[in-house]
Amino acid sequence: AKHINTGLDLAGGVSITYQAKESNPTSEEMSDTIYKLQKRVEQYSTEAQVYQEGSDRINVEIPGVTDANAILEELGQPGSLCFITQQDEDGNANFQADSSSETGYSLARSLDEIRAAGSVVLEGTDVADATGGAIQQQNSSSREYVVDLTLTDEGKTKFAEATQNNVGKQIAIIYDNGVLSAPRVNEAITGGKAQISGMESVERAQELASYIRIGSLSLELTELRSSVVAAQLGEEAISTSLIAGLIGLIIVILFMIIAYRVPGAVAGLSLIFYTATILLTLNAFDITLTLPGIAGIILGIGMGVDANVITAERIKEELAKNKTLPAAVKSGFKMGLTPIIDGNVTIVIVAAILMGAFGPTDGFWAKVFNPIFFWFGPSTAGTVYSFGFTLLTSVLLNFVFGVWATRVMIRGAVHCKALRNPWLYGGKKDGTAEYKTPHINFIGNRKKFYTFSCALIAIVLVFCAVFGVKMDVEFKGGSMVTLSYEGDVDLPSLKSEIGSQLGQSDLTLQTGSDISGNQTLTVTLPGSQTLTTEQLDDMLTAINETHPENNFEQNEVSNVNATIGKEFLFKSLVALVAACVLILAYVAFRFRKIGGLKAGSTAIVALLHDMFVVFGVFVILRIPLNGNFIAAVLTILGYSINDTVVIYDRIRENSALYSKKQMGLAELVNLSVNQSFSRSLMTSITTCLALGVVCVVSVIYRLDSIYTFAFPLLFGMVSGVYSTICIATPLWVDWKSKKKAAKKEA
């Protein structure tokens with residue numbers, strides 16, 4: 001676990017998304033820019049990553065850095081770089097001394113005019129590398145601060161000619177229409193390496209080298225999105241999540257042992273194997289783990305018992321038919337396999353959609369779903385991708401340990417003399433069992449369920465109309481800055497002061513607390529506004545000068561261009577629709593013998609109901625909609641359809657056992673729902689136990705990023721069971737019954 005890569009929300013650091021200014025950049029230009037950026041960011045962290053997103057975007061992630069703002073300022077606006085001569089061929093000055101300029105020089109005329117006069121002797125792309133540092137002067141104890149340049153092969157030729165023609169003159173280094181430096185040429189430089197001397201400090205030398213490296217990029221870039229996370233918050237989030245995971249695992253194992261005895265103990269062992277293996281898998285595939293990813297692992301613990309619950313319930317049911325223990329175990333395994341497979345496939349569909357929509361564009365799932373998502377532009381979201389990966393891995397590993405390993409261990413237990421007592425498997429000591437199927441008239445009470453659901457939806461809609469829906473900057477664009485502070489703050493005064501400092505009146509301020517227990521102030525700007533590091537530093541300095549007793553410090557910063565925010569929201573909606581369509585197709589195919597299309601359609605209605613419940617929790621609790629919302633909704637989508645598929649499977653099984661004359665449709669469905677009720681209840685209890693622990697721990701440790709994901713998900717889990725039993729199956733019965741009635745009338 002120590003070697004697993006952690007995302008910026010855990011390790012802290014900086015993340016930036018750039019877009020090339022030039023339309024339709026070539027693959028060579030993109031590759032060259034990525035390579036140079038990668039070399040540049042490696043000086044900050046060995047774990048830094050630079051990768052392409054789509055055809056014209058580049059993501060930069062630098063975890064674990066302490067001075068993230070300085071990096072943002074340095075990398076934030078890579079501009080154009082060139083070297084120009086002191087005069088053109090006609091003797092016109094290209095740059096001049098200027099005491100008001102920070103560097104002591106300024107351009108004498110526009111850069112376009114200088115280029116037209118042929119005075120540009122070297123472009124930024126002709127520079128391979130630049131490093132700033134100090135050297136020891138010969139025959140002296142003093143140090144000299146210099147910048148060493150390494151030129152490309154083409155740059156070597158250009159610079160040799162330029163320096164040979166300008167010995168004794170100055171050649172200025174221009175960055176974004178400003179003069180960085182104007183060193184004098186002492187001799188012709190023909191070896192492809194040059195040294196700029198005369199820097200007043202090592203910091204100045206390193207700064208000049210940084211600008212040269214930035215300007216040497218093959219493409220000019222604009223910043224679309226950036227975020228900065230304090231490392232301390234991430235470190236404490238990891239320990240908090242581990243505590244939640246451990247407590248959740250222990251509670252679920254104890255619950256399973258009490259409920260199912262030997263099968264429960266076996267389920268506990270399989271969960272331990274699952275937890276260990278998923279950590280190994282994250283390490284082996286070099287997957288970056290984020291906070292939602294940890295939530296996905298903990299959720300997997302809760303969902304992983306589903307296969308074990310289905311198997312254990314089936315064994316108890318077979319023992320109630322007075323079968324021998326070996327026969328009951330064998331039959332239980334056989335009868336439980338189909339619903340386990342169907343349920344897992346639906347969750348795999350959801351996880352694959354998440355990874356395809358929000359993962360790297362060269363990833364396997366991104367290529368699979370490229371026909372769906374390439375229309376909407378690249379919108380990589382590492383947190384959502386991490387959750388999708390852990391969800392997919394959880395399903396696959398739970399299938400291995402919850403089906404294969406569990407069956408091996410239970411078969412072994414049955415052959416162990418000390419464990420042959422049927423009571424240990426849910427039966428009686430004499431080999432029988434009391435397996436009571438509930439007799440709840442779900443179909444008869446369907447109108448009450450419909451009324452309750454409609455009332456719930458109406459309440460959420462009214463709340464939306466009155467109070468509105470909060471959108472995170474992740475969706476709408478804008479800037480969000482979280483500051484920690486001490487003492488009490490005067491919000492109206494601060495809002496006026498910050499608004500005046502930023503020149504922006506349309507901003508909101510909200511107080512809260514972070515995982516460290518510090519009081520926090522969150523400043524949010526609308527989608528058309530983003531903050532530069534200079535503005536942020538000025539704002540922080542200003543409010544600390546006027547409110548020194550509050551000791552404001554920066555925790556997190558997020559800048560999202562409005563365009564990329566809308567792209568992310570649009571792609572999220574498309575992901576939801578795609579998941580629903582694929583699940584509908586799968587259910588329609590698997591249950592075609594009992595009216596699969598109708599079954600799939602009513603299941604989708606139940607899914608929409610559950611997604612609306614999750615949406616309602618976000619709206620009523622005033623939690624901004626963001627990537628966590630999408631991950632939660634898609635999780636509920638997979639979880640709820642898993643419940644529905646298990647009941648459909650029981651309906652399919654009973655349809656083969658009872659003819660239409662023996663049992664009517666409503667009675668058959670009621671029987672199937674009641675037979676599956678215990679399994680649905682037990683699976684939901686274990687999952688809610690795991691999520692409940694996550695919620696409690698996140699509240700205790702003030703881990704908002706986990707709480708705002710887990711708490712709505714908890715409601716979604718409860719809704720998933722309710723909608724399966726009270727919405728999907730009754731609607732399916734109504735649909736089939738009306739169709740039969742219509743045929744009779746015809």
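Position 1 is the first residue of the sequence; numbering continues from there.
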4.5 Å side-chain heavy-atom contact, Leu397 and Thr281:
yes
Is there a donor-acceptor pair under 3.5 Å between the side chain of Ser676 and the backbone N or O of Val673?
no
Under a 4.5 Å cut-off applied to non-hydrogen side-chain atoms, are Val574 and Ile372 in contact?
yes
Looking at Met256 and Ala267, what are the two nearest heavy atoms and their distance?
CE-CB, 3.8 Å
To the closest 0.5 Å, what do you measure between OG (Ser572) and CG (Leu625)?
10.0 Å
Decide side-chain contact (heavy atoms from CB on, under 4.5 Å) for Tyr274 and Val400; before the verdict, give the C-alpha distance in whole Å, the side-chain angles of both, and the deciding distance to 0.1 Å.
CA-CA 9 Å; Tyr274 150 78; Val400 172; over 6 Å; no
Locate the shortest heavy-atom distance separating Lys571 from Ala357; write the atom from each residue and the value.
CD-O, 3.2 Å
Would you check if the side chain of Ser719 reaches a backbone N or O of Gly716 as a donor-acceptor pair within less than 3.5 Å?
no
Point-to-point distance, once rounded to the nearest 0.5 Å, from CG of Leu731 to OG of Ser601:
10.5 Å
Using every non-hydrogen atom in the two residues, find where Leu714 and Gly692 come nearest and quote the distance to one decimal.
CD1-N, 4.3 Å
When every non-hydrogen atom of Asn674 is compared with those of His439, the smallest separation belongs to OD1-N, 3.6 Å
If you measure from CZ on Arg411 to CZ on Phe333, what distance do you get to the nearest 0.5 Å?
5.5 Å
If you measure from the Lys or Arg side-chain nitrogens to the Asp or Glu carboxylate oxygens, is any gap between Glu653 and Lys334 under 4.0 Å?
no
Can you label the angle between the Tyr648 ring and the Phe591 ring as parallel, tilted or perpendicular, going by 30° and 60°?
perpendicular
Is there a side-chain contact between Pro339 and Val645 (heavy atoms, below 4.5 Å)?
no
Can you tell if the side chain of Thr729 reaches within under 4.5 Å of the side chain of Ile651, non-hydrogen atoms only?
yes
Does a donor on one side chain and an acceptor on the other come within less than 3.5 Å for Asn59 and Gln49?
no
Could you tell me whether Glu313 and Arg679 have a side-chain N and a carboxylate O separated by less than 4.0 Å?
no
Sorted by chain and number, sequence neighbours left out, side chain to side chain donor-acceptor pair (under 3.5 Å) with Asn670 holds for Asn441
Mind checking whether Phe255 and Met682 have side chains closer than 4.5 Å, heavy atoms only?
yes
Among residues at least two apart in sequence or on other chains, which ones pass side chain to side chain contact (heavy atoms under 4.5 Å, CB included) with Cys454?
none
Just checking, Arg446 and Phe442: is the charged tip under 6.0 Å from the six-membered ring centre and within 45° of the axis?
no
Distance in Å, Thr311 OG1 paired with Tyr260 OH, rounded so as to fall on 0.5 Å steps
10.5 Å
Could you check Leu665 against Ile443 for side-chain contact (heavy atoms from CB on, under 4.5 Å), going step by step and ending with a plain yes or no?
CA-CA 10 Å; Leu665 180 62; Ile443 304 302; over 6 Å; no
Does the side chain of Ile583 come within less than 4.5 Å of Val350's, by heavy atoms?
yes
Measure across Ala575 and Ile353 and return the closest heavy-atom pair with its distance rounded to 0.1 Å.
O-CG2, 3.6 Å
When rounded to the nearest 0.5 angstrom, what distance separates CD1 in Ile310 from CG in Asp306?
4.0 Å
Between Thr406 and Phe401 (side chain of the first, backbone of the second, donor and acceptor by atom type, cut-off under 3.5 Å), is there such a pair?
yes
Should the ring pair Tyr722 and Phe449 be called parallel, tilted or perpendicular, given that the plane angle runs from 0 to 90° and is split at 30 and 60?
perpendicular
Does one side chain, of Thr644 or Thr724, offer a donor that lies under 3.5 Å from an acceptor on the other?
yes
Can you measure from CG (Leu671) to CG (Asn654) and round to the nearest 0.5 angstrom?
5.0 Å
Is there a side chain to side chain donor-acceptor pair (under 3.5 Å) between Ser640 and Asp610 once you walk through the steps?
CA-CA 8 Å; Ser640 179; Asp610 299 332; 2.5 Å; yes
Check against side-chain contact (heavy atoms from CB on, under 4.5 Å), Ile623 and Phe711
CA-CA 11 Å; Ile623 302 172; Phe711 191 67; 5.8 Å; no
Please report the C-alpha distance between Lys316 and Tyr425 in whole Å, then the side-chain angles of each, then the deciding distance to 0.1 Å, and finally whether the side-chain contact (heavy atoms from CB on, under 4.5 Å) criterion is met.
CA-CA 7 Å; Lys316 286 173 64 177; Tyr425 301 84; over 6 Å; no
With no hydrogens and no angle check, just 3.5 Å: does a side-chain donor-acceptor pair link Thr346 and Tyr586?
no
Check the orientation of Phe629 and Phe618. Use parallel for under 30°, tilted for 30 to 60°, and perpendicular for over 60°.
perpendicular
With side chain to side chain donor-acceptor pair (under 3.5 Å) as the rule and sequence neighbours excluded, what pairs involving residues 363-374 come up?
none
Under 3.5 Å: donor-acceptor pair, side chain of Ser331, backbone of Ala328
no
Checking the side chain of Arg590 only, and the main-chain atoms of Val587 only, is there a donor and an acceptor separated by less than 3.5 Å?
no
Is there side-chain contact between Leu424 and Asn421, with heavy atoms separated by less than 4.5 Å?
yes
Do Cys688 and Val718 have side chains that approach each other closer than 4.5 Å (heavy atoms only, starting at C-beta)?
yes
Looking only at heavy atoms, which two atoms of Met611 and Cys580 are closest? And how far apart?
CE-SG, 4.0 Å
So, Ser453 side chain and Tyr450 main chain: donor-acceptor pair closer than 3.5 Å or not?
no
For the side chain of Glu318 and the backbone of Ile315, is there at least one donor-acceptor N/O pair under 3.5 Å apart?
no
Does the distance from a Lys or Arg side-chain N to an Asp or Glu carboxylate O, for Arg652 and Asp342, drop under 4.0 Å?
yes
